[in-house]
Amino acid sequence: MSEWLSVYRAGLSLDNPLTVLMVGLCSTLAVSTRVEGSLFMGLAVMFVLLMSSVLVSTTRRWIPPEVRIPVFIVVIASFVTVVDLSMKAFLPTVYAFLGVWIPLIVVNCLVLGRAEGFAYHHGVWLSSADALGMGTGFAGVIVTLAAIREVFGTGTIIFFGRTLLAMPAAYEPPNVLVLFPGAFIVFAFVVAGSQALNRRIQARAKRGPL
Amino acid sequence: MRGALFRGGIHPDGRRGSASGATIEPATIPSRLAIPLAQSLGAPCEPLVAVGESVRRGQMIGDVRAKVSAPVHSPVDGTVVSIEPVLTPFGKSALAVLIEAAPEQDLESWVPVREDSDPLEVACSAGLVGLGGAAFPTRVKLDPPSDTRIGTVIVNGCECEPYLACDHRLMVEHADRVVAGGRMIADFVGADRVVVAIEDDKPEAVRAIRAEATGVEVRVLPSRYPQGAEKQLIRSVTGVEVPHGRLPFHVGVLVHNVGTVAALWEAFALRKPLFERVVTVAGAVVRPGNYLTAIGTSVRDLIAHAGGPTSEAGDRVIAGGPMMGHALGSLDVPVVKGLSGIVVLRAGETAPVVFGDQPCIRCARCWTACPMMLEPHAIGIRANVRDWDACESLHALDCIECGCCAYVCPSRRPLVQLIRAAKARLLVAGRSP
Amino acid sequence: MSDLTRLHVAPSPHVASPVRTSWVMTAVIVALAPSALWSVWLMGWTAAALFAVSIGSCVLTEWLWTRVAGRPSTLGDLSAVLTGALVAMTLPPRTPLWMAAVAGVVAIGLGKMIFGGLGWNIFNPALVGRAVVGISWAGVLAEVRPYAGGWYAVMPDAAAPGLDTVSGATRLAIAAADRAAGGAYGFEPADHYRSLLLSNTQGSLGEVSAALLVAGGLFLVLTRVVDWRIPLGYLGTVVAISAACGSDPLFNVLAGGVLLGAFFMATDYVTSPMDPRGRFLFGVGCGVFNMVVRLYGPMPEATTFAILFMNGLVPLIDRAFRPRTFGRRRQVA
Amino acid sequence: MPSTPSSAPRLVLTVVATCAIAATGLSFTHAATADRIAEQERRAVRRALAEVLGSSEGAVEVESVDESVLSRIASADPATPVEAVFRMSDLDGEMLGWGIAVAPRGYGGPVRMIVGLDSAGSVTGVKVVSHRETPGLGDKVVESGDHLAGYAGIGSSDAERAVKEVDAVTGATKSSRSVRDGVLAAARGWRAVLSEEQSR
Amino acid sequence: MSVVQQMGLLLVGSALVNNILLTRFIGLCPFFGISGNMRTAWGMTGAVLFVMTLATSVTWFAYNLLLVPLGVEEFLYIPAFILVIAALVQFVEMYLRKKSPGLYRSMGIYLPLITTNCAVLAAATEAVKPGFFKMNMEYGFGLAESVVYSIGVALGFGIALMSFSAIRERLESAPCPEWFRGTPLAFMTAGLLSLGYVGLGSLFGL
Amino acid sequence: MSEISMVVNAALALGAMGAVCGGLLAAASRRFHVEVDERVEAVLDSLPGSNCGACGSPSCFSIAEAIAGGKASVSACVAGGQSATDAVAAVMGLASEPMAAVVSARHCGGGTRAERGFDYSGLLSCRSLDHLAGGDLVCAWGCFGHGDCLRACPFDAVSIDERGLPRIDPSACTGCGLCVTECPRGASGLLALVVADAPVVVRCRAHDKPGARRRHCSACCIACRKCEQACPTGAITVVDRVAVIDYSICDGCGACVSACPQECIDLHGRMRGSAGSTDGAGPRAPGFAALAGSGEAAAP
Ligand SMILES: Cc1cc2nc3c(=O)[nH]c(=O)nc-3n(C[C@H](O)[C@H](O)[C@H](O)COP(=O)(O)O)c2cc1C
Ligand SMILES: Cc1cc2nc3c(=O)[nH]c(=O)nc-3n(C[C@H](O)[C@H](O)[C@H](O)COP(=O)(O)O)c2cc1C
Ligand SMILES: Cc1cc2nc3c(=O)[nH]c(=O)nc-3n(C[C@H](O)[C@H](O)[C@H](O)COP(=O)(O)O)c2cc1C
Ligand SMILES: Cc1cc2nc3c(=O)[nH]c(=O)nc-3n(C[C@H](O)[C@H](O)[C@H](O)CO)c2cc1C
Ligand code: SF4
Ligand code: SF4
Ligand code: SF4
Ligand code: SF4
Ligand code: FES
């Protein structure tokens, strides 16, 4: 269990897919203008990650290495299509916001990277930890980024029609934050922040009982 | 022939206190001299004398069996008191023969250079080296590889460094020697053309040489630093660029400083070895002048001979000119063959103190000024982060350390020092230029 | 210290040209001053306050940054002052002061110091500040643009036919609208030359007088502070493209931010190429971008974006154009 | 990576099997969601249509016009794409008006919107269904009820003049113009085609 | 509009106005991952240009000649496209490795990166499947337009990648604050780089 | 379309594509099969991966290739020390070669206590300073303190202390020797590699006359031979006017440290009976603190 936890935790901070490994950046920067959409993006990625990791790690023995990439990618694409179709059917407003970014989860570097890099070499148990850890890490960062961009860039955070947070009325939200330059710039600071955090975590690990 | 001059370069000013009007006069012989055994490029000499031995003026006191080297001679009659390491004006430590000068000196006679039918041997045993800066053994330059042909001998009278005037005075006062020496070299190497190149700010020298000039051309070049640098000079005079990694003889040219040429004439005509040279003492000294100085005289004695520093003097004393010279850490260093001048800079005249963290503002002034057409700012930046490979691919090794870049830099970056660090590094790593 | 007892050793060269970084910056500030002062004269305290706030915020940001980083202050090089002045000159006269302050902070903070300070930024700091503010509050800026009041009343603007058909717009915007409407507004560029040259209050602070900008620019070019190739490439391209596309060339040079950009902003050493050929190309690139957006884009003016876009290509241009080292054939990239 | 390659049939089989299984699974998913997706889309359209006519979703019957009519309408204003035209009536079959789905070019992409026209050809309402305008700038235009409401009541006959009276939003001229283009296209379509269509 | 003009606009639109990296956030992982070095950026640009063009052509056929006739395009296009691309890239990689080691060394090592590059899938899908991206351009191209379009996208990828990588090379020696060094500075730079592209928004109505 | 036929169509379509792709890859993996030497990867994994270059190769990868190809010895990695050698030998199936563990040690205690002959301005780099007028230190063997060694060390083992002298952390130092090469006075013994567990170090390597030396440095070895007399094992002797320790004899008792009147001998590695192992923070360390603020000793 402790191994499971440590694999899971790695995805949150020291091996965070977005701020450390720097994979899966596209959808993160693209959809993080709204917390609502980002949350579902995070969940969608987590779902695909979990399902494909589990499937890959259970079937890895039968998949010859020469064709592993095509096989993995078909598996992933199938789960993505499932998400795509279900979201269209059940959450049309969220789907309208996320648009093409759902199909593009297929090529989200994070998903294939973990399938190939982790699940292919580990059992189901640890692979699920990795998938959930990476998924949580991904979702955490993307929601954080979205929260910053939405509240500072539009002045409010609106979640399914309800206003969660609003800046004072005098606040003139700078649009740049919700436009594409803002995505990069805010993310730069999020990465800097998380790096600082990671340094502290590492320092603590170093100091800890040997 | 492409374009008239080399690209780049600068116009440094600050020739106040220059010694260009002062006639050459002998400096006093100090009681004690230190003659370094390594005064030329190449192998250091081994002492030929022992402590306690007495030596004569012009006697060879150090020599070595090596192709690239030049023997050294005693400039005085006296006694060897010690052989120990001293610091040279260029910051290197070298073994030196310390001589106590005899109280009576005969300044008209010397041990003559050994007779030899081979002029190269004469040039060698006279201890001739280039007096223009690098102190490269003249013998080697007079003996180009047999598959090359020297068509042009350029006598380098540009003297483009501010303050320095020893070459200028030599041309004014001994034009005959310069011209005769130039022709002599042309004879040795079989060149059909001798060009004396002089910057246009020395009209007096131009007149003097022209008056003597039989069989040599006089080329008056616009004054622009570093007009006197070998490759740039060849470019200005012949329009040809010495290819990268090649030497002047590859393009059929031989460049010699006027001092070297005059010394060569003396070695053959007067059988006089190279044991004294004209040194300019300029800047904030009481009597700026051009002094015929015995090699081995300490800079302290020489400055004292020039009347000592004036009250304007700052704390920087330069061996050589202000652009390429070395700042002295101590005045107790001997005059060597390669030392053309001592400049005592005025307080406030020096380039301000720098530590290398002023940013480059990419103004491209260094870029425009560099006569080697390098990118000094980029080499500087890369050297600062110790990226030597990048320095190499930026051709740091081609830099001639002329200092133009650092002179013009509005940010006062120590570009030359940075580039020099990179060069040293690359040479240690065995990368050939 | 004339006894030469304790010497000072430093690397060669031991003398240096008197041109210092602060000297260069001062020269640019001096060249800008006539335009700046003229805009203050025409538009009164609003303009003066804008200058004060944006210079102040630039200087303060830089000072705080070095202070927090524990490094010596770099204000002495005066580049922050220059950035501040240029930020103000890119803003319309009635810009809210808080917005100018934000522009200054962004310019120095995100545009310059975060890259390592003077000399390290890739993008023109003043334009980064201006662009961020412009994108963020485009609506607000569009509303504050027309200016009426202050001492401006003393110098009546040339009558501009068709001006009132599109309220509160720059002359470039009117020209664009006119072009879009197939000449329906009967816009006549030549009617605007005089006011663009001398007393244009329809644009940003830096656009009040093309004549003064040209004078300042020529001063910089003639004193060799800036390389003539950048302004020439820039303005030449503007003229060429507008002539080729049937737009009035002179109007296109005089109106909008082109002159300010070509002489004072595209020429920023730090963010322009070093090679003369590269500099010309850079100027041409700015001109192309600027004119294409003016004629075919949604925005009437694009100097800011044109220069920023080309700034991004500078390292690439620098790599493409390198000097051929003496005695070598061609530089291998 | 083992250095001996697996046998070729095995490679092919693995891929084909994966593909077949995936395809089968996906067809079932598709089958399970297709109706619902279609229903969602239909409802979104109906909601929008009802809105532009000012009635409630449950109170209208919607019927698409046939292809030939659509193409005739589209050719009335070739500059602006017309995506669909709906004829709307109340539950009793009483004609309420028309909903015309147009997609004029905006700043960032097509602004897909529905223009409602009553049976006299006057604009009853405008609703933007999807767009890519700049947040904070263009989107204020296409999402602002006030701005869009400015077009209500414009009659088809003099639409060209009347649309100009709706003020463009400063700083977002292009977005404003796209809405204007859309309304204009709808009005022209009505004038050219629907006015007679209706009387039939 | 003449065909040439149309293709020109298509190129400008896909390369600059809708620059895939800086304005649309596609293909960012390699953009940040391999821009540290100019040579790599060159290699990657070449590889992307090659693969993107090839992938678009192949998916065009797969879509129009297989999926659409069978009526399964709605839910199979994702697996189908990515399968084709992955297999294609892997095949090219193996081929180069064996047949042209020189080319492999300069370009082939980037191929595995490209397999899962969103840019390739996005460009192919965009060019082939109508209405995938909501943009001012009409999609659902014929084969020729699809190919021109994907070349444009790849060129845009190249321009952004190369300029970014040249910038990063220059910033390598920059004394930027310790807490911002590396990744954060790279993102900051990308943000400012994309500022310039803002000005191109909606150019020519694209 | 009926549901069944859709399922069949779908399976057919994707299956066919899968067959084509799979076939293509199967054929390719056969036709284009390339042998790769996995040992290169395995060797690379055993190396420190810092690309320090101390082995003479430009990168860890290139030396890994050389080792795997039998062109370099399993102990080629200097920085990796014994552990890397063992791991590489295991990968290569060869016997490991024992390596003498060494660390770098500084042989100068001058710093702020050594006289500087002139003022200097320019790059704060030892090498650059050494090029100019022979360096500002009067002592020709002393340390300039501008930290070229620090910048050369790929393992962050060097720091500059409050006396303006480099302090080498023996637990971080891998003995790669890059600092020694980098130091302009490395060749004359200012920095030198000593056995890794060297307990004490003589902080002076000057060879001029002790009387003259004393005049320009208050921390130097004065060749008084008190340490020689104090040393119970005879490990320390004055050779060529300076004390030198023979580490094959020295047992780390520390007697010489307290015997030296000049505070010229201090701790380096692990002393007998002591817990810590730091460079220069010996029993007299507090005294050194008084000489703080010397980082920029050359600044006028
Ligand atoms: C390593 C080296 C080798 C040289 N070999 C020759 C040579 O073979 N023949 C020759 O004429 N000059 C030779 N030179 C001399 C140069 O051409 C030049 O005249 C001399 O270095 C003086 O250079 P300066 O410009 O720095 O004063 C050599 C110089 C150097 C540094
Ligand atoms: C930057 C620079 C400037 C130089 N200026 C002069 C000069 O003004 N006069 C001169 O004789 N040599 C000058 N030299 C040295 C020449 O390059 C060349 O070495 C010399 O003329 C060769 O003659 P020599 O071997 O007789 O010394 C300069 C060298 C450099 C690198
Ligand atoms: C980042 C940015 C986003 C923009 N977004 C829009 C937009 O969504 N809609 C629009 O009509 N114009 C947009 N524009 C264009 C400008 O606001 C342009 O000036 C305006 O369309 C025309 O100016 P005017 O309204 O002042 O006449 C945008 C410009 C920028 C720089
Ligand atoms: C000719 C010249 C033009 C300049 N233009 C600008 C400018 O447009 N914007 C700016 O912020 N700084 C400008 N500066 C100041 C300075 O170079 C700039 O802030 C640097 O980019 C900061 O690193 C200029 C400086 C010079 C010498
Ligand atoms: S010192 Fe070197 S880099 Fe500088 S100008 Fe001279 S040759 Fe060029
Ligand atoms: S002269 Fe100085 S500031 Fe100008 S480019 Fe060269 S190094 Fe940079
Ligand atoms: S040990 Fe050598 S390199 Fe290190 S600081 Fe001292 S002099 Fe410099
Ligand atoms: S201190 Fe010297 S020997 Fe030790 S690791 Fe660092 S560079 Fe290598
Ligand atoms: S490249 Fe798009 S998610 Fe990695």
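Below, chains carry the letters A, B, ... as their sequence lines are ordered, and counting in each starts from 1.
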Assert top hit (heavy-atom pairs under 4.5 Å, partner chain C, pool B:Gly329, B:Ala406, B:Gly321) equals B:Gly329
Check: Which is it for C:Asp318 and B:Glu375 under the side-chain contact (heavy atoms from CB on, under 4.5 Å) test, yes or no, and what are the steps along the way?
Finding: CA-CA 11 Å; C:Asp318 267 344; B:Glu375 296 163 276; over 6 Å; no
Bottom line for C:Arg224: the part with an atom under 4.5 Å from chain B's heavy atoms is backbone
Okay, B:Arg246 and chain C: the region with an atom under 4.5 Å from a heavy atom over there is neither
message = Between B:Gln232 and C:Phe326, is the side-chain contact (heavy atoms from CB on, under 4.5 Å) condition met? List the steps.
response = CA-CA 9 Å; B:Gln232 280 64 31; C:Phe326 186 101; 4.0 Å; yes
Closest heavy-atom pair, C:Pro13 versus B:Tyr407, reported as atoms and distance to 0.1 Å, is CG-N, 3.8 Å
Exercise. Kindly check if the number of other-residue, nucleotide or ligand heavy atoms within 6.0 Å of CZ (C:Arg277) is above 12?
Key: yes
So, the part of B:Cys363 with a heavy atom under 4.5 Å from chain C: the answer is both
Bottom line for B:Cys405: the part with an atom under 4.5 Å from chain C's heavy atoms is neither
Distance col, row B:Asp315:CG vs C:Leu4:CG, nearest 0.5 angstrom, shows 8.5 Å
Nearest heavy-atom approach of B:His377 to C:Met274 is NE2-SD, 3.0 Å
With chain B, the option among C:Val15, C:Asp77, C:Val226, C:Val225 that has the most non-hydrogen atom pairs under 4.5 Å is C:Val15
Using the salt bridge (Lys or Arg N to Asp or Glu O under 4.0 Å) rule, take C:Asp268 and B:Arg362 through it: C-alpha gap first, then chi angles, then the decisive distance, then the call.
CA-CA 9 Å; C:Asp268 175 15; B:Arg362 291 171 48 84; over 6 Å; no
Q) Judged by modelled atom types alone, do B:Arg420 and C:Ser12 share a side-chain donor-acceptor pair under 3.5 Å? A) yes
Whatever's closer than 4.5 Å to a heavy atom in chain C on B:Val344 counts as side chain
Exercise for the section: Take B:Leu328 and C:Val9, measure what side-chain contact (heavy atoms from CB on, under 4.5 Å) needs, and give me the verdict at the end. Expected result: CA-CA 6 Å; B:Leu328 294 179; C:Val9 172; over 6 Å; no
* Polar side chain donor-acceptor pair, B:His395 to C:Thr325, under 3.5 angstrom -> yes
Validation row: C:His8, B:Val317 side chains within 4.5 angstrom (heavy atoms): no
Begin with the C-alpha distance, continue with both residues' side-chain angles, and end with the deciding distance and a verdict on side-chain contact (heavy atoms from CB on, under 4.5 Å) for C:Leu118 and B:Gln358.
CA-CA 9 Å; C:Leu118 178 67; B:Gln358 306 82 339; over 6 Å; no
If you count every heavy atom of other residues, nucleotides or ligands that lies below 6.0 Å from C:Arg67 atom CZ, does the total exceed 12? no
So, the part of C:Ser272 with a heavy atom under 4.5 Å from chain B: the answer is backbone
Closest heavy-atom pair, C:Leu7 versus B:Ser330, reported as atoms and distance to 0.1 Å, is CD1-N, 3.8 Å
Inset, instruction - Give a yes or no on whether the backbone of B:Gly325 and the side-chain of C:His14 come within a donor-acceptor separation of less than 3.5 Å. - result: yes
Under 4.5 Å to a heavy atom of chain C? For B:Ile381 that would be side chain
Residues C:Gly327 and B:Glu241: closest non-hydrogen pair is N-OE1, 2.8 Å
Turns out that what part of B:Met324 lies under 4.5 Å from chain C's heavy atoms comes down to backbone
Handout entry: Sub-4.5 Å side-chain heavy-atom contact between C:Arg328 and B:Pro243
Key = no
Greatest number of non-hydrogen atom pairs under 4.5 angstrom with chain C, of B:Ile318, B:Thr368, B:Ile303, B:Val416, falls to B:Ile318
When you measure from the side chain of C:Thr21 to the backbone of B:Pro410, do you find a donor-acceptor pair of N or O atoms at a distance under 3.5 Å? yes
